[in-house]
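Throughout, numbering of the chain's residues begins at 1 and tracks the sequence.
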Amino acid sequence: MDCRLRPDESHGGEGLTAARRLDGTACAAQIRSEIAPRIAAFIQRHGRPPGLGVVLAGEHPASEIYVRNKIKTVAAAGCYAELFRLSAGATLDEALALVTRLNAREDVDGILVQSPLPEGMGPGAEQRVFDALDPTKDVDGFHPYNVGRLVQRRPTLVACTPLGCMELLEREKIPLRGRHAVVIGRSDIVGKPMALLLLHQDATVTICHSRTADLPAMARTADVLVAAIGRPGFVTRDFVKPGATVIDVGINTLTTQAEVFRCFPEGSRKRAHFAEKGSVLAGDVHPGVEEVAGALTPVPGGVGPLTIAMVLRNTVTAAENRVS
Ligand code: NAD
């Protein structure tokens, strides 16, 4: 399959080669087809499908979309998926009580609490809720038990986004052993588990963050560069060693013309999309990186679909582990 960007998707000038496109949508479809027999076997053996309970608190437009996509994908695969809503004014105790109820439900094998929780729940609420999950149902891999198992290289349930990135790297045959991987971002849900997973594949790993000195120079030493920052177009071509593989985890919604013009060149499809719709998605990686990188994930259609495929896979794994 020719995965190179089509000429109208590239922002390169004449004579410049566009990076190979790492197609997360196709990879996710392949993963779902591999999981299908496991779901069928589970249903046949246990007379019920693997079940996922998703907790959504408050009104957060991006979370609504993420949750809808996760539930849709898990249900379409033949699993049971149910949404449990808490109001924006719900208390931490109410969230904890809901988690306790879901922990006790026999038909719910996986529980996912969509982040962020409403600010009104107080500082540290998210960690309190993750701590309250039954670790065997923690499909996001955020419970300290699952984090500890990952650190010790005997993982059970691993955070879906970094796990999805690793699946893509493996299936696209990107070499990791002995290579230098740089992860920009040190969050508990993406940056840190990503760094651990790369380390466990024998990469030499550097974690960069907002206090890293001379970040572009550090990033330029990477054979594999992972951007998980949450700043549109932050990683520009001067961050990238020619031929490096770049994984763009960022999902940023741009709603102002200034942001769109900074990130996307004149004549690009993204500018046209913004003119029509009033908003557009951008990754943490600037499109100019296409001209330097050897391989690059698009946004959308890169890491996002893989995250959702890993929610499905972790749900099935949790179900299988619970009954075995
Ligand atoms: P976060 O805000 O928790 O962490 C961001 C990290 O970036 C921090 O560790 C911080 O140190 C670092 N950072 C911030 N500013 C920086 C700077 N100027 N220089 C260097 N480092 C800097 O975010 P997160 O939850 O890890 O998510 C990161 C991005 O990934 C967001 O855009 C988020 O929407 C996206 N995301 C995507 C998926 C997916 O499925 N594709 C899943 C989760 C998160």
Side-chain angles (χ1 to χ4, degrees), residues 5 9-12 16 18-22 24 62 66 115-116 159 161-162 164-165 168-169 174 180-195 197-198 203 205-266 268-271 273-274 279-307:
L5 291 166
E9 286 177 313
S10 168
H11 305 287
L16 289 169
R20 180 158 69 98
R21 182 181 199 267
L22 301 176
Y66 296 147
S115 167
T161 299
C165 295
L168 187 63
L169 289 168
I174 306 292
H180 187 203
V182 172
V183 179
I184 311 180
R186 56 176 162 182
S187 70
D188 288 345
I189 66 169
V190 188
K192 279 187 216 159
M194 185 74 222
L197 289 167
L198 289 162
V205 182
T206 302
I207 305 179
C208 296
H209 46 79
S210 50
R211 303 300 166 96
T212 297
D214 201 354
L215 183 55
M218 186 61 80
R220 252 189 335 266
T221 64
D223 301 303
V224 175
L225 180 63
V226 180
I229 310 157
R231 293 181 175 232
F234 183 87
V235 172
T236 47
R237 47 187 299 158
D238 56 318
F239 283 61
V240 179
K241 175 160 84 177
T245 297
V246 180
I247 304 292
D248 188 354
V249 179
I251 302 181
N252 309 287
T253 304
L254 308 189
T255 53
T256 67
Q257 193 181 63
E259 283 179 310
V260 174
F261 279 27
R262 183 177 64 76
C263 287
F264 301 108
E266 205 177 338
S268 65
R269 280 188 198 173
K270 292 276 191 174
R271 281 202 189 185
H273 183 97
F274 174 74
S279 72
V280 72
L281 283 186
D284 288 346
V285 175
H286 192 277
V289 166
E290 285 166 16
E291 297 162 8
V292 185
L296 174 65
T297 57
V299 177
V303 175
L306 289 163
T307 297

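Here Ser115 pairs with Glu126 under the side-chain contact (heavy atoms from CB on, under 4.5 Å) rule; sequence neighbours left out. With sequence neighbours excluded, the residues forming a side chain to side chain donor-acceptor pair (under 3.5 Å) with Thr161 are Thr307, listed by chain and number. Residues satisfying the ring-ring contact (aromatic ring centres under 6.0 Å, His included) test with Tyr66, not counting sequence neighbours, are none. Residues passing the side chain to side chain donor-acceptor pair (under 3.5 Å) test with Thr256 are Glu259, sequence neighbours excluded. In this structure Thr212 satisfies the side chain to side chain donor-acceptor pair (under 3.5 Å) test with no other residue, sequence neighbours excluded. Partners of Thr236 according to the side chain to side chain donor-acceptor pair (under 3.5 Å) rule, which considers only residues two or more places apart in sequence or in another chain, are Asp238. Applying the side-chain contact (heavy atoms from CB on, under 4.5 Å) criterion to Ala222, with sequence neighbours excluded, gives Val182, Leu225.
Here the CZ-OG distance, from Phe261 to Ser268, works out to 9.0 Å after rounding to the nearest 0.5 Å. Expressed to the nearest 0.5 Å, how far CZ of Arg20 lies from CG of Leu296 amounts to 11.0 Å. Rounded to the nearest 0.5 angstrom, Leu306 CG and Leu168 CG are separated by 5.5 Å. Put simply, CD1 on Ile247 and CG on Leu198 are 9.0 Å apart, with the number rounded to the nearest 0.5 Å. Note that CZ of Arg186 is 10.5 Å distant from SG of Cys208, once rounded to the nearest 0.5 Å. For the atom pair Phe234 CZ and Asn252 CG, the distance stands at 11.5 Å (nearest 0.5 Å).
In terms of heavy atoms, Ala219 sits closest to Ile184 at CB-CD1, 4.4 Å. A pairwise comparison of heavy atoms in Asp284 and Pro232 identifies OD1-N, 4.2 Å as the closest pair. Residues Thr297 and Gly302 share a closest heavy-atom pair of CB-CA, 4.2 Å. Minimum interatomic distance between Ser279 and Thr253 (heavy atoms only, all atoms of both residues): CB-CG2, 4.1 Å. Heavy atoms only, all atoms of each residue included: Ala203 and Ala181 are closest at CB-CB, 4.1 Å. Here the closest heavy-atom approach between residue Val224 and residue Ile174 is recorded as CG2-CG2, 4.1 Å.
Between the His180 side chain and the Thr221 main chain, a donor and an acceptor come within less than 3.5 Å of each other. Panel note: side chain Arg271, backbone Phe264; a donor-acceptor pair is recorded below 3.5 Å. Judged purely by atom type and a 3.5 angstrom limit, Lys270 uses its side chain to pair as donor or acceptor with the backbone of Leu281.
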side-chain contact (heavy atoms from CB on, under 4.5 Å) between Val246 and Val292, intermediate numbers included: CA-CA 10 Å; Val246 180; Val292 185; over 6 Å; no

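The salt bridge (charged side-chain N to carboxylate O under 4.0 Å, His left out) pairs that include a residue from residues 217-226 are Asp223-Lys241, where partners are two or more places apart or lie in different chains. Sorted by first then second residue, the salt bridge (charged side-chain N to carboxylate O under 4.0 Å, His left out) pairs that include residues 245-255, not counting sequence neighbours, number zero. Screening residues 225-234 for side-chain hydrogen bond (donor to acceptor under 3.5 Å, both in side chains), with sequence neighbours left out, gives no hits.
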